[in-house]
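Input: a single structure, listed below in structure tokens.
Here is how names work: the chains are called A, B, and so on, in the same order as the sequence lines, proteins then strands, and each is numbered from 1.
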Amino acid sequence: MLRRRRSLERWRHPTGVRENMGNVLPAAPLATGAGFAYGRDPGWFERAKGAVMRLSNYFLPTLKETPAGADVVSHQLMLRAGMIEQISSGIYNWLPLGARVLRKIEAIVREEQDRAGCQEVLLSLIQPADLWRESGRYEDYGREMLRIQDRHEREMLFGPTNEEQITDVFRHHVRGYRELPKVLYQIQWKFRDEVRPRFGVMRGREFLMKDAYSFDLDKEGAQRTYNRMFVAYLRTFARMGLTAIPMRAETGPIGGDQSHEFIILADTGESVVYCHRDWLEADFLAEDADAEDPAALVERWTRTYAATEDMHDPARADELGDALIERRGIEVGHIFYFGTKYSAPMNARVNAPDGSKVPVEMGSYGIGVSRLVGAIIEASHDDSGIVWPEPVAPFHVGIVNIKTGDETCDSVAEDLYRRLQEAGVEVLYDDRTEERPGAKFADMDLIGLPWQVVVGPKGVQNGVVELKYRRTGEREEMTPETALARLCRPC
RNA sequence: CGGGGCGUAGCUCAGCCUGGUAGAGCGCCGGCUUUGGGAGCCGGGGGCCGGAGGUUCGAAUCCUCUCGCCCCGACCA
């Protein structure tokens with residue numbers, strides 16, 4: 001009781017967080033905790049929101065020069081755009097712009113998992129070694145696994161994956177087949193002590209991953225679940241503006257019978273893949289994933305040839321003739337059906353309808369969330385910088401005030417900024433006074449927001465601003481009202 | 001883990017071969033002038049030259065060890 005009280009006192013220490021926040025946000029009338037602030041000064045939150053998304057205030061440390069040690073373009077651009085900062089080989093801090101993109105991707109993944117009937121959990125980062133001894137993987141996994149000891153010298157590990165843990169959860173709580181099927185997922189940081197981290201966040205040691213685990217009574221049920229997840233993956237990547245091609249894949253150390261990798265074609269990809277030219281035009285979003293039988297969808301989408309190097313079948317590929325393409329690919333998702341590989345040794349069994357106890361049929365389904373940030377940039381950039389697909393862009397629109405301090409420019413830009421925010425459009429306003437137009441344009445192109453509104457002295461004299469579409473570079477002059485209407489319409 | 005490369009100012013780098021006590025550009029701070037694609041001039045601050053040991057009158061520079069980072073290969077969401 002006493003001890004707890006003392007630790008609370010620490011949080012209220014008078015020289016604590018408050019002074020630091022004053023640099024960034026309007027002074028909050030902080031009394032005994034942030035929760036009380038709103039009651040005393042209801043306008044605080046709105047003012048804070050209005051202040052933060054201005055570049056004069058926003059924490060965006062962009063770089064003009066390419067930092068040494070970043071070889072792939074996505075890594076270079078992420079560093080230059082102030083999204084991340086490297087801390088150690090394969091370990092990064094995520095700065096505000098990067099964190100926003102990560103959250104956008106996470107949100108899409110979460111929505112599609114929920115839509116597919118999965119339930120979100122959050123498993124502990126640290127796992128006891130004993131759990132892994134049960135499945136036999138503690139010895140097998142090798143030095144990629146970060147092994148640690150607690151103060152009692154108990155062996156622990158920092159989770160590289162969570163099959164054992166989820167199987168443990170399942171066996172604690174599920175007894176009968178009536179509770180099946182179930183798919184549990186989490187979006188959690190993982191650590192794998194890679195021999196050689198590289199490609200920035202695409203192959204880090206610490207990475208954010210969505211991992212789902214399915215539990216079914218029998219093989220037929222497990223196959224249905226696998227198909228449902230397969231379709232959910234097509235939709236998930238399509239929503240991010242990506243064409244992720246499902247390819248037959250090896251099961252690797254996770255083991256099992258069936259597996260597909262979802263691959264994005266990119267010159268900087270880590271592995272060689274082979275597929276039919278038709279995949280380049282594939283449109284997964286067109287599918288009505290909820291209506292159609294998943295088995296039929298999977299059948300249709302796996303009919304066209306696509307294979308990783310390991311699974312490549314030259315004989316079958318030869319039949320494609322000119323339609324065969326060989327490219328490099330980035331793996332952004334991987335799904336496995338592995339049956340009873342973990343449930344049998346770990347004794348995760350359910351009562352079947354006939355009264356017998358059977359080990360549950362399992363599968364696992366990964367999406368590399370942090371890797372996707374890099375992968376999307378690999379797939380979508382130009383010489384000036386990143387070109388974000390709209391669904392994952394950190395902001396929808398950037399306002400460039402070319403002549404801050406000019407009365408008309410300021411009022412037009414401020415008005416646009418306020419009204420876009422009121423309309424719920426995510427907007428970043430470059431209101432910096434110390435930067436010249438060239439630097440502002442360069443920064444805005446670099447961070448790759450889909451739309452730019454350029455407010456300059458020449459334009460506002462004639463009552464117009466310039467709307468620029470980042471992807472094509474097209475610009476068009478129009479009144480602020482027209483620009484507003486364009487930017488607020490649903491995309 | 002094998003092979004190769006690099007650690008010098010906040011960032012990008014020169015200086016190292018041929019030892020003589022540290023430089024440039026950009027950024028940062030102050031001032032003036034500027035304002036439609038990373039401005040100009042003037043002034044200023046900033047570096048135990050990754051770390052330890054050794055050779056030498058003297059080491060960023062030569063030698064040994066060590067730590068870190070990057071690239072190629074084998075492995076991985």
Taking the side chain of A:Arg371 as its heavy atoms from C-beta onward, which of B:rC71, B:rG36, B:rC76 lies nearest to it? B:rC76
Is it the case that the ring center of A:Tyr469 lies less than 6.0 angstrom away from the ring center of A:Trp451?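 So the answer is yes for these two rings.
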Is there side-chain contact between A:Ile335 and A:Phe230, with heavy atoms separated by less than 4.5 Å?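 Yes, close enough: below the 4.5 Å cut-off.
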When you compare the side chain of A:Leu55 with that of A:Leu428, does any pair of heavy atoms fall below 4.5 Å?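 In short, these two side chains touch, coming nearer than 4.5 Å.
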Any Lys/Arg nitrogen of A:Arg328 or A:Glu378 sitting under 4.0 Å from an Asp/Glu carboxylate oxygen of the other?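 Salt bridge between A:Arg328 and A:Glu378, a charged N being under 4.0 Å from a carboxylate O: no.
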Where each residue is assigned the nucleotide of RNA chain B containing its nearest heavy atom, which of A:Leu446 and A:Glu206 is assigned the position nearer the 5′ end? A:Leu446
Reading RNA chain B from 5' onward, which residue's closest nucleotide shows up sooner: A:Met209 or A:Pro457?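 Comparing both residues, the 5'-ward one is A:Pro457.
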Check whether the side chain of A:Arg196 and the base of B:rC75 form a donor-acceptor pair under 3.5 Å. no
Donor-acceptor pair under 3.5 Å: do we get one between A:Glu435's side chain and the base of B:rG38?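 No.
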Taking atom [atom1] in both [N] and [M], compute the distance separating them and give it to the nearest angstrom.
N: B:rG10; M: B:rG27; atom1: C1'; value: 7 Å
N: B:rC65; M: B:rG3; atom1: P; value: 14 Å
N: B:rG53; M: B:rU61; atom1: P; value: 14 Å
N: B:rG7; M: B:rU66; atom1: C1'; value: 13 Å
N: B:rC49; M: B:rA22; atom1: C1'; value: 8 Å
N: B:rG30; M: B:rU64; atom1: C1'; value: 48 Å
N: B:rC26; M: B:rA14; atom1: C1'; value: 14 Å
N: B:rU12; M: B:rU55; atom1: P; value: 35 Å

Short side-chain N/O contact from A:Ser88 to OP1 or OP2 of B:rG68, under 4.0 Å: no
Side-chain N or O of A:Arg436 closer than 4.0 Å to phosphate OP1/OP2 of B:rG38: no
Reckon [X] touches a base, only the sugar-phosphate, or nothing at all at heavy-atom distances under 4.0 Å?
X: A:Arg475; result: base
X: A:Gly69; result: sugar-phosphate
X: A:Gly405; result: nothing

Checking A:Arg147 against A:Tyr138: charged group under 6.0 Å from the ring centre and within 45 degrees of the axis?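 Verdict for A:Tyr138: a cation-pi partner in A:Arg147.
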B:rC49: pairing nucleotide in any strand, Watson-Crick or G-U under 3.5 angstrom: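 Partner of B:rC49: none.
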Considering every strand shown, what is the Watson-Crick or G-U wobble mate of B:rU35 when both distances are under 3.5 Å?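 Result: none.
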